[in-house]
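Counting convention: from 1, in listed order, for ligands and their atoms alike. Because the structure is a prediction, the values reported are computed rather than measured. Only heavy atoms go into these numbers, but all of them, side chains included; no hydrogens, no water, no symmetry mates.
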Amino acid sequence: MPELQLIRPGHASALLDFERQNRAYFAASVPDRGEEFFAEFDARLEQLLEWQAAGTDYLHVLVTEGGEVVGRVNLTEVADGSAELGYRIARKAAGQGLATAAVREVRGLAAAQYGLTGLRAKATLDNPASHKVLERNGFVVGGELMLTGRPALSYICQLC
Ligand SMILES: CC(C)(COP(=O)(O)OP(=O)(O)OC[C@H]1O[C@@H](n2cnc3c(N)ncnc32)[C@H](O)[C@@H]1OP(=O)(O)O)[C@@H](O)C(=O)NCCC(=O)NCCS
């Protein structure tokens with residue numbers, strides 16, 4: 001199992017490789033990052049690290065023994081004891097239970113280390129793998145919405 005780590009400047013190159021190599025794969029399920037994301041990657045990472053230091057985001061990567069990033073699990077918009085969960089796993093590492101396990105670990109960190117009492121998430125109806133990950137981790141459907149033009153469900157998870 002790759003190790004879950006909070007992002008730090010040393011992850012920059014592996015993180016960019018991960019996003020580049022999986023760009024088309026991710027874009028089939030979630031909105032594409034756009035050219036700007038790649039062109040301004042370093043500045044954006046710096047901004048993310050600042051948000052993380054300020055406690056508004058907790059951004060995790062899954063790192064293999066060889067230093068390759070094969071996944072991300074992010075907690076963003078941290079406020080009032082709650083945060084928004086997002087995740088993505090490299091195509092070549094999919095279907096091995098990584099997202100399920102990594103979300104479980106981040107859920108544990110959210111309660112024990114980040115002082116959160118609830119998490120929120122959203123997944124479009126055409127993303128059954130994502131719904132499975134959430135439901136296996138104790139998320140329950142909170143409502144229906146449209147996400148970038150696609151029908152979706154919102155989820156909530158009480159941590160204590
Ligand atoms: C969604 C995603 C994170 C799942 O990652 P993963 O590591 O493959 O997930 P897991 O292996 O932990 O579990 C996925 C489950 O969904 C199942 N699954 C995968 N594709 C499926 C499909 N088309 N229909 C039904 N189930 C599916 C898998 O078989 C697995 O269940 P199983 O363990 O019973 O076999 C990954 O596909 C991904 O990064 N997708 C692109 C980005 C994205 O969609 N992020 C989430 C936005 S809400």
Please round to the nearest 0.5 Å and tell me the distance separating atom [atom1] of [X] and atom [atom2] of [Y].
X: Leu6; Y: His11; atom1: CG; atom2: NE2; result: 9.0 Å
X: Gln21; Y: Phe26; atom1: CD; atom2: CZ; result: 10.0 Å
X: Thr124; Y: Leu153; atom1: OG1; atom2: CG; result: 9.0 Å
X: Leu116; Y: Leu109; atom1: CG; atom2: CG; result: 10.0 Å
X: Arg104; Y: Leu4; atom1: CZ; atom2: CG; result: 13.0 Å

Of the side chain and backbone of [X], name the one, both, or neither that has a heavy atom under 4.0 Å from an atom of ligand 1.
X: Tyr25; result: side chain
X: Asn127; result: side chain
X: Val30; result: side chain
X: Ser29; result: side chain
X: Lys132; result: side chain

Indicate whether atom 29 (O) of ligand 1 is within a distance of less than 4.0 angstrom of some protein heavy atom. no
Kindly indicate whether atom 15 (C) of ligand 1 is approached by any protein heavy atom to under 4.0 angstrom. yes
Same apolar cluster (I L V M F W Y, side chains within < 4.5 Å links), Leu75/Leu15: no
Please report which non-hydrogen protein atom sits nearest to [atom], along with the residue it belongs to and the distance in Å to one decimal place.
atom: atom 39 (O) of ligand 1; value: Ile89 N, 2.7 Å
atom: atom 34 (O) of ligand 1; value: Arg136 NH2, 2.6 Å
atom: atom 8 (O) of ligand 1; value: Gly95 N, 2.7 Å
atom: atom 11 (O) of ligand 1; value: Gly97 N, 2.8 Å
atom: atom 45 (N) of ligand 1; value: Tyr87 O, 2.8 Å
atom: atom 22 (C) of ligand 1; value: Pro128 CG, 3.4 Å
atom: atom 1 (C) of ligand 1; value: Ser130 N, 3.9 Å
atom: atom 20 (N) of ligand 1; value: Ala129 CB, 3.7 Å

Using distance alone, decide if ligand 1 has a nitrogen or oxygen within less than 3.5 Å of any nitrogen or oxygen in [X].
X: Thr100; value: yes
X: Ala94; value: no
X: Phe26; value: no
X: Ala99; value: yes

Do the ring planes of Tyr58 and Tyr114 sit parallel (below 30°), tilted (30 to 60°) or perpendicular (above 60°)? parallel
Are Arg120 and Ser154 linked by a side-chain donor-acceptor pair shorter than 3.5 Å? no
Could you tell me if Ser130 and Tyr87 have a donor-acceptor pair between their side chains, going purely by distance under 3.5 Å? yes
In sequence, state the C-alpha distance, the side-chain angles, and the governing distance for Thr76 and Asn74, and then conclude on side chain to side chain donor-acceptor pair (under 3.5 Å). CA-CA 6 Å; Thr76 58; Asn74 293 333; over 6 Å; no
The atoms of ligand 1 lying under 4.0 Å from a heavy atom of Lys122, numbered in the order shown, are 48 (S)
Per-atom filter on ligand 1: closer than 4.0 angstrom to a heavy atom of Gln96 are 11 (O)
I'd like to know whether Gln5 forms a side chain to side chain donor-acceptor pair (under 3.5 Å) with His60, so could you lay out the CA-CA distance, the side-chain angles of the two residues, the decisive distance to 0.1 Å, and finally the verdict. CA-CA 5 Å; Gln5 301 174 359; His60 310 83; over 6 Å; no
Please determine whether a side-chain nitrogen of the Lys or Arg among Glu19 and Arg88 lies less than 4.0 Å from a carboxylate oxygen of the Asp or Glu. yes
Output yes when Lys122 and Glu144 qualify as a salt bridge under the 4.0 Å nitrogen-oxygen rule, no when they do not. no
